[in-house]
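Since we're looking at a predicted model, the values are computed, not measured.
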2 protein chains.
Amino acid sequence: MGSLAESPKANVLIVGSGGVGTMAAYSLEKGGKARVTAVLRSNFAAVEKNGFQINSLDHGNIQGWRPSEIMNSIPDVSKQHNIRPYDYVVVTTKNIADVSPGVSEIIAPAISPGHTTIALVQNGLNIERRVIEAFPSNPVISGVSFIGATEGPKGTIKHDDHDVLIVGAFKNPNISPDVSETSAKRFVELYGSCAGIDCMYEPDVKFTRWRKLLYNSSYNTVATILHMDTSRMRVSEHIIDDLIRPIMMEIRAAAAAAGVNLPLELIDKMIFADTFEAFFKPSMLQDIERGNYIEFENIVGEPLREAERLGVPAPTLRVVYGMLRGIQWKVREAKGLVKVPTSPGGLKYGGANVKRNVT
Amino acid sequence: MGSLAESPKANVLIVGSGGVGTMAAYSLEKGGKARVTAVLRSNFAAVEKNGFQINSLDHGNIQGWRPSEIMNSIPDVSKQHNIRPYDYVVVTTKNIADVSPGVSEIIAPAISPGHTTIALVQNGLNIERRVIEAFPSNPVISGVSFIGATEGPKGTIKHDDHDVLIVGAFKNPNISPDVSETSAKRFVELYGSCAGIDCMYEPDVKFTRWRKLLYNSSYNTVATILHMDTSRMRVSEHIIDDLIRPIMMEIRAAAAAAGVNLPLELIDKMIFADTFEAFFKPSMLQDIERGNYIEFENIVGEPLREAERLGVPAPTLRVVYGMLRGIQWKVREAKGLVKVPTSPGGLKYGGANVKRNVT
């Protein structure tokens, strides 16, 4: 453990060491301005033994790489006095708003009030709300990542789409905007110091997040419901016309009502966003294929609620939301969190067995 | 082949010998007033050799049963002069409006103009339109079936939900309504003569069809999209609240605009329609699990088009329609009818590969 005197580097804790988190750890260390501790879970043993095996578009083939430190649980800075306060806690886990524990609960032991900046490198809208509530005196910053990086066998990362990270400060009403913005800009400096990375400061966080929703609320969700890559949707044509474009138009209208102007040309750009030849499966589809929870509340639920609050019709999003909620219910059942009864007693929609054939 | 003199029985051809068709053949023969010829396809060889093996809730265990005659293709009455004109051609196939050949093309060789009544024992709305167009001088009658009957191994039928058939005449503007109605009533007599069957004449065909759509456009479609039985939907509660009930309400509103009053109580009845303990998978889900086409055009497309024609909002149906169209596209691909190109040249949504990470 270094003291401040020994190490002028920023002290960074990364929570979530799948593809996105591992590449963030790598870039921050490689940039030379940060000392990274990575919290690993399922891959801790593999990485402790052999390090990460990274096959990276931006950085080449890297065998046996390790960040400065790895841990298998969130450190408690109030009890472990040999730990220097974290300057940044970078959260790169999925944001599953409807499943406990939430992000705030998970990271709480590592946060030094009034000091640590919390960087949410996650998808969706309004993800900062609960975090600011839980840590009112800390800067919270937004990272919108366009990297393509996934973990295969434990500790093995395939990084196949260029690392672009757009950073800005969320508005925390309890602290000066200057503090949050300075912290966001410093994070850009730390991250962007690594060669081959595009890390940009963008003060308009709302714009960045709504823009990414154009893709995530449409392709990502419809791919999940239909179990279909984005190239096949484009070949069909009607999936774009019936579903993808209407969703994008609803997001655009909701964003406009929320004061964010997404130019119409962006929609056509987003429709062609994926390289056709990649037959790309968006992240939520990959999650569901692995039996994981889907982060549909922040990607669809929040923009839908924003739209309805602002009086903007979002009929396609509403149905997509209902479908994804049903899909999440199946994941819960598969994980044993929902027990399906064999008889209808006590269920809201259980009783009154009117036979179908006599109705 | 019997002549009219030898056989006073109605001469009936049944097209489609899955569960519904086979049980119709059985009931018509057992009632003693019809001579049935069944057109078999994939199960012809099995049935020719061993007959049908029927395990029936209404009729018990029946081994090696055969209708009066079986054929492996539609007979051509204009060329096979030993065939007495069919009084009824009963169509119990799925009605896949978007896949050729259509019902009219399939049955054409067996229809005697001005004589044969065409009985469509099929789901959905407006299924009679193309048939009346193709056979303007023939009565066309509607059969709405509530039977539960499926074919397992070839020639093996499991009949596990009571046979209820509601019959009425479609309006054929080219012939007297009396002729069509008389033919419908006679069909009820033929079919209902079998003990254990509920076959009813119902003059209000539109009401019967819209009523069944309450179930088919909601449970049947959402089950297909989510791969989920109806009991699990009811356990979740939100799938009923978010999707099933809104669809039923849209169908009810569209029906009202089309002059059909579906009482509100019917919706609650339909929500509880399936026996909870059955964990029932509706027919469209069964179809998709078998890799078969789904009959979504008549079950969702037609009521949606009716709603939009009549100015009734049907936002949920619209999205469900888009999803089902995507699912049907996947079936087409699996059957080799869609060839997915490996490069985007010439596609409407192919080119302009703007990389996602720079948008």
Indicate the atoms forming the closest heavy-atom contact of [X] with [Y], along with that distance.
| X | Y | value |
| --- | --- | --- |
| B/Val235 | A/Trp329 | CG1-CZ2, 3.8 Å |
| B/Met323 | A/Leu226 | O-CD2, 3.4 Å |
| A/Phe276 | B/Pro341 | CE2-O, 3.5 Å |
| B/Val319 | A/Pro315 | CG2-O, 4.2 Å |
| B/Gly326 | A/Met228 | O-CE, 4.4 Å |

Just by distance, do the side chain of A/Lys330 and the backbone of B/His227 share a donor-acceptor pair under 3.5 Å?
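Yes, the answer is positive, given that a donor and an acceptor are paired below the 3.5 Å cut-off.
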Measuring heavy-atom distances to chain B, does A/Pro313 have an atom under 4.5 Å in its side chain, in its backbone, in both, or in neither?
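It is neither, since no heavy atom gets under 4.5 Å.
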Please classify the contact between A/Ile327 and chain B as side chain, backbone, both or neither, with a heavy-atom cut-off of under 4.5 Å.
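Both the backbone and the side chain of A/Ile327 come within 4.5 Å of chain B.
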At a heavy-atom distance under 4.5 Å, which candidate from B/Ile239, B/Thr316, B/Val338 has the highest pair count against chain A?
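Max contact count across the listed options: B/Thr316.
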A/Tyr349 and B/Phe272 aromatic ring geometry - parallel, tilted or perpendicular at 30°/60° bounds:
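Tilted.
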pair A/Arg234-B/Leu347: side-chain heavy atoms closer than 4.5 Å:
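No, too far: nothing below the 4.5 Å cut-off.
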Check each atom of B/Ile225 against the heavy atoms of chain A and say whether the ones under 4.5 Å are side chain, backbone, both or neither.
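Looking at B/Ile225, backbone and side chain both touch chain A.
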Starting from the C-alpha separation in whole Å, work towards a yes-or-no answer on salt bridge (charged side-chain N to carboxylate O under 4.0 Å, His left out) for B/Asp241 and A/Arg325.
CA-CA 11 Å; B/Asp241 296 331; A/Arg325 211 173 161 198; over 6 Å; no
